[in-house]
Visitor: 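Below you will find the structure I want to go over with you.
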2 protein chains.
Amino acid sequence: MNLLCDLPPGGVGEVTERLAGGATVRIERIVSRGETSPDGFWYDQDEAEFVLVLSGAARLQFADREVMSLGPGDCVDIAPHRRHRVDWTDPEQPTVWLAVFYRA
Amino acid sequence: MNLLCDLPPGGVGEVTERLAGGATVRIERIVSRGETSPDGFWYDQDEAEFVLVLSGAARLQFADREVMSLGPGDCVDIAPHRRHRVDWTDPEQPTVWLAVFYRA
């Protein structure tokens, strides 16, 4: 499988696909096309999340005020309960993420 | 951190760096520069391994005779104890892998 191919078509919103995983880990591909988290919404997760941008561009915002612009190859390991949201994804091209959710 | 930047210099062999993980998962970047598994050697792992090529080119060989050529974006989820080896990595460019080892 190639994560940069067979992308879901535009117009269907953000699409998440499970790639692999076990009892304590979940590996997903997420394809965004301009989607962002709702205003004022924060992810607040029990699991750690390692996230990597494979193509496109995005910006993460953290409740601790850090802002992170991400492009191809950029990754971040988000600790459990570090509140964050997707502030922006490029509306002009698909943004492909690899996300690994795991028990820290 | 950008996984495609700050690559280790050539001449030092394959380099593995731990990026993240917990009790049951280990996320690593591996940079190969032509290295392969020794002839006749097979990885035979208790853990599952999800592996993704970010740049470069490689070929995996499985003891069940499947051979898999991998380029940027290609990934494979290798079941525990599915014996495999790295048959080839491109000697002309660095091959950057993301590997996630986990309990299946």
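Reminder, nothing fancy here: chain letters follow the sequence lines and each chain counts from 1.
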Visitor: What are the two closest non-hydrogen atoms of A/Tyr102 and B/Ala20, and how far apart are they?
Guide: OH-CB, 3.6 Å

Visitor: Side chain, backbone, both or neither: which part of A/Leu98 has an atom under 4.5 Å from a heavy atom of chain B?
Guide: side chain

Visitor: With chain A as the partner, which of B/Leu54, B/Leu70, B/Asp74 has the greatest number of non-hydrogen pairs under 4.5 Å?
Guide: B/Asp74

Visitor: Heavy-atom distance under 4.5 Å to chain A: side chain of B/Leu52, backbone, both or neither?
Guide: side chain

Visitor: Over all heavy atoms of both residues, which pair between B/Leu3 and A/Cys75 is shortest? Give the atoms and the distance, please.
Guide: CD2-SG, 3.7 Å

Visitor: CG of B/Asp64: more than 12 outside heavy atoms within 6.0 angstrom?
Guide: yes

Visitor: Which heavy atom in A/Asn2 sits nearest to a heavy atom in B/Pro72, and how many Å separate them?
Guide: ND2-O, 3.0 Å

Visitor: With hydrophobic residues grouped by side-chain heavy-atom distances under 4.5 Å, do A/Val100 and A/Val96 end up in a single group?
Guide: yes

Visitor: Which atoms of A/Asp77 come close to chain B, meaning under 4.5 Å heavy atom to heavy atom: side chain ones, backbone ones, both, or neither?
Guide: side chain

Visitor: Determine, using the 4.5 Å side-chain heavy-atom cutoff (strictly less than), whether A/Phe101 and A/Ile78 are members of one ILVMFWY cluster.
Guide: no

Visitor: Under a 4.5 Å side-chain heavy-atom rule over Ile, Leu, Val, Met, Phe, Trp and Tyr, are B/Leu7 and B/Ile27 clustered together?
Guide: yes

Visitor: Checking B/Val25 against chain A: side chain, backbone, both or neither under 4.5 Å from a heavy atom?
Guide: side chain

Visitor: Grouping I, L, V, M, F, W and Y whenever their side-chain heavy atoms are under 4.5 Å apart, do B/Trp88 and B/Phe62 come out in a common cluster?
Guide: no

Visitor: Check for me, please, whether B/Met1 and B/Ile30 land in the same ILVMFWY cluster - side-chain distances under 4.5 Å, paths through other members count.
Guide: no

Visitor: Pick one of side chain, backbone, both or neither for A/Ala104, based on which atoms fall under 4.5 Å of a heavy atom in chain B.
Guide: backbone

Visitor: Just give me the residue among B/Cys5, B/Ser55, B/Gly22 that pairs up with chain A most often, heavy atom to heavy atom, under 4.5 Å.
Guide: B/Gly22

